[in-house]
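To start, the structure itself, in structure tokens.
Side-chain atoms are counted along with the backbone in the values below, which use heavy atoms only and exclude waters and symmetry mates. We name chains A, B, ... by the order of the sequence lines, and we start the count at 1 in each one.
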Amino acid sequence: MLERSEWYDIARDTNWTPSYVSQEALFPPEMGDPYGIPTEEWETFDEPYKVSYREYVNIQREKDSAAYSVKAALARSKFHDEADEGWACVLKLHYGAVALTEYQACQFQARMSRFGPSPAMRNMSVYGMLDELRHTQLQLFFPHELVHRDRQYDWAHEAQHSKNWAVLGGRHAMDDIMMTRDAITSSVMVSFAFETALTNLQMIGLSTDAANLGDHTFANLITSIQSDEARHAQLGTPTIEIMIRNGRKKEAQQAMDIALWRVWRLFSITVGIPMDYYIPLEQRHMSFKEFMHEWVINQWERQVQDLGLERPWYWDIFLLDIDNHHHCQQGGIWSWRPTVWWNPPGAVGPKEREWLEEKYPGWNESYGSYWDVITNNLLQGHEEKTHPQCIPIICNMCQIPISHRPGPEWGARAYQREYGERRYNFCTEVCRWIFDTDPERYKDHETIVDRMYSGEIDPPTLENVLKYMGIGVISEGGRDGHDYGWVEGFRAQAAE
Amino acid sequence: MSGDAVARNNAVGPVLRAGEVADAVVEALEEDNPGKEFTVEDRVAYVRAETEGECVVRAETVARVLGRPFKIAELEVNLSSFSGRIETTDDTMRFYFEKRL
Ligand SMILES: [Fe+2]
Ligand SMILES: [Fe+2]
Ligand SMILES: [Zn+2]
């Protein structure tokens, strides 16, 4: 049999000159390449991670049969009977946020496979499309067996069809970078910024903790998924190199900057909170910050330089956000726990706080001051005081409640923009900058709070708002996953 | 970490799902990249192997270490990620940076 390299270049060269329709009709710029880079340039696209269809099918079969057989082998284990609710939260959050996002990714790959201006890109993204379909199916199937024990697992399938506030944020970002851009821009945004930089957090970051906890099914599943990502994410590098060579560095840079920030804001919640709060202390292998520094600051940023792009202009804001955003959102999500589909544990007992202080010096005098109030209320039997009576202000870009580090470094300020008929609020300069890159694109989207005032949720009573968000419909909303057990350490300390 | 934190390294290499293939690849890396120092971090579910600037994995060497036939394409099953950039040929995978810092 011929070696792959002996036939590969000919096999992937599927460009021809159309005679029945114009080139432009076959590859409309708004779907493929809006930058007008010549076809000959795109024909130099050389994907660095090559695979033939025969190899692909064999390898994927091997991956799938391993993932399903580990699951089958462990199906009778008592793992889920005995697992900590904190870990169950990791799974509920993961599946709800990820399963059908993979299906969006499948559509994004499909767009590249049809409209990509380079035949090599079209070829590789066919595999990418099949990969993402595999990810969707696995991550719908795996949680399915857990639905009978806990309805909250049903959000794996339902979340993306709901209007839960946490889903609106994810959907807004994914619609922006994956669903509504041309093949080239979204390749920079998704293949390079999302898949190369950040999917590692979700799919590898949680795997060691899963293995430490004994959830080998999940550890095996997500690292298997990531082995597909490692391949199809490579669609981004030749795209960027060709853009730079053809005078489109600025556009590539902007696409990367927008996407990194958008996906980061989500992952700091879906991975940052689990790693630093939900996973039981004994099983945590690294802090989220350490993981971010290893994988994004050291590994990905170095690739950015190698390709000839610059790190994003907001790098300093990003580094600060790594220290802060998920701590803020742990406080927020816990406080508004009835609005989510998992049971977030506060999980800030004396030992956990010691760990947080060690990993994030200054945690106690900042975030700790927020939890002090909550802890005291719980110790005094005033659970009702731990539920906020007001509505948060939501960022008009990331759709996440606007928050800041509490305590002595309090630096809260409003980032606003007047545009057209209204005022928009943003969490940071970065979200506002993204809005400014194309206000017409973003202006009509309403945050969950906008919807309470615009009549979309009518009347905006607590009961109606929860129902609008799928709470009490798809499953019950969240409660403290440890039934406030984490405050007992402080009671014991006080008694001593 | 200062506000200016930035990657000043040339570390490249595979991140592998823990298991016999990962162990064999680490052994093969050392054999196929003479004179190179590798750091190997075992993270229970995965193993990160890294060296300076460039390294190559050869299917032939992995096969010999494993004691069974092994095609380079099979490495994908266990290759969850990597640092640096990648280049694949019929029987090798190379991790590298174009620019050295
Ligand atoms: Fe995926
Ligand atoms: Fe992907
Ligand atoms: Zn924002």
Side-chain angles (χ1 to χ4, degrees), chain A residues 3-6 47-52 55-56 58-59 62-63 66 196 199-200 203-204 206-212 216 219-220 222-231 233-234 237 285-286 289 293-295 297-308 311 315-316 319-320 322-323, chain B residues 1-22 39 41-48 50 52-54 57 59 69-101:
Chain A
E3 290 282 8
R4 184 180 66 207
S5 58
E6 294 172 88
E47 61 281 25
Y49 196 151
K50 294 186 174 63
V51 61
S52 70
E55 287 165 337
Y56 178 78
N58 283 332
I59 290 161
E62 193 181 326
K63 288 182 190 175
T196 310
T199 51
N200 287 317
M203 299 302 186
I204 297 183
L206 296 175
S207 72
T208 299
D209 298 314
N212 283 342
H216 300 290
N220 189 62
I222 57 181
T223 52
S224 172
I225 287 173
Q226 197 57 20
S227 70
D228 295 355
E229 296 297 320
R231 171 176 30 75
Q234 298 313 309
T237 44
H285 81 294
M286 269 174 130
K289 179 180 178 178
H293 277 264
E294 177 176 330
W295 288 81
I297 311 299
N298 288 326
Q299 181 172 318
W300 180 75
E301 201 268 353
R302 181 63 181 80
Q303 269 176 288
V304 173
Q305 298 178 43
D306 213 56
L307 272 172
R311 54 182 171 164
W315 200 249
D316 289 342
L319 289 172
L320 256 180
I322 293 174
D323 261 326
Chain B
M1 202 60 74
S2 82
D4 206 32
V6 60
R8 295 273 174 239
N9 68 76
N10 296 310
V12 298
V15 175
L16 299 147
R17 308 169 78 203
E20 57 152 12
V21 173
T39 48
E41 297 212 40
D42 183 348
R43 298 269 167 72
V44 191
Y46 66 92
V47 176
R48 180 191 278 282
E50 275 179 346
E52 174 77 13
E54 180 183 9
V57 185
F70 185 85
K71 290 218 175 68
I72 201 69
E74 289 171 56
L75 189 55
E76 188 190 311
V77 174
N78 291 294
L79 187 68
S80 278
S81 185
F82 53 86
S83 40
R85 298 170 65 171
I86 194 170
E87 183 189 60
T88 51
T89 71
D90 291 331
D91 39 29
T92 64
M93 263 193 204
R94 182 167 80 99
F95 305 95
Y96 70 102
F97 276 123
E98 216 129 80
K99 304 171 188 155
R100 298 290 164 89
L101 295 180

Turns out that what part of A/R4 lies under 4.5 Å from chain B's heavy atoms comes down to both
Tell me, side chain or backbone of A/M286 under 4.5 Å from chain B's heavy atoms, or both, or neither? side chain
Could you go through the side-chain contact (heavy atoms from CB on, under 4.5 Å) check for B/Y46 and A/Q226 one step at a time? CA-CA 12 Å; B/Y46 66 92; A/Q226 197 57 20; over 6 Å; no
Residue A/N200 versus chain B: region with a heavy atom under 4.5 Å: side chain
Less than 4.0 angstrom from a charged side-chain N to a carboxylate O is my criterion; do A/E55 and B/K71 meet it? no
Using a cut-off of under 4.5 Å for heavy-atom pairs, which of A/A219, A/A210, A/S224 has the most such pairs with chain B? A/S224
Using non-hydrogen atoms and a 4.5 Å limit, figure out which bit of B/V12 sits close to chain A: side chain, backbone, both or neither. neither
Classify the side-chain pair B/R17/A/T223 by whether it contains a donor and acceptor separated by less than 3.5 Å. yes
Scan side-chain atoms only and decide if A/Q303 and A/Q299 contain a donor-acceptor pair under the 3.5 Å cut-off. no
When heavy-atom pairs shorter than 4.5 Å are enumerated against chain B, which of A/A211, A/A66, A/A230 gives the highest number? A/A230
Measuring heavy-atom distances to chain B, does A/I225 have an atom under 4.5 Å in its side chain, in its backbone, in both, or in neither? neither
Chain B interface, residue from A/N58, A/L320, A/D323, A/L307 that has the most non-hydrogen pairs under 4.5 Å: A/L307
Indicate whether the side chain of B/E50 and that of B/S83 have a donor and an acceptor atom separated by less than 3.5 Å. yes
Portion of A/E3 that has a non-hydrogen atom of chain B nearer than 4.5 angstrom: both
So which of A/D228, A/V51, A/N220 has the largest heavy-atom pair count under 4.5 angstrom toward chain B? A/N220
Given heavy-atom pairs under 4.5 angstrom as the criterion, report whether the side chain, backbone, both or neither of A/E62 touches chain B. side chain
Which is it for A/T196 and A/T237 under the side-chain contact (heavy atoms from CB on, under 4.5 Å) test, yes or no, and what are the steps along the way? CA-CA 10 Å; A/T196 310; A/T237 44; over 6 Å; no
Taking 4.0 angstrom as the limit, do B/E76 and A/K63 come out as a salt bridge? yes
Portion of B/R94 that has a non-hydrogen atom of chain A nearer than 4.5 angstrom: neither
What orientation do B/F95 and B/F82 show, parallel under 30°, tilted 30 to 60°, or perpendicular over 60°? tilted
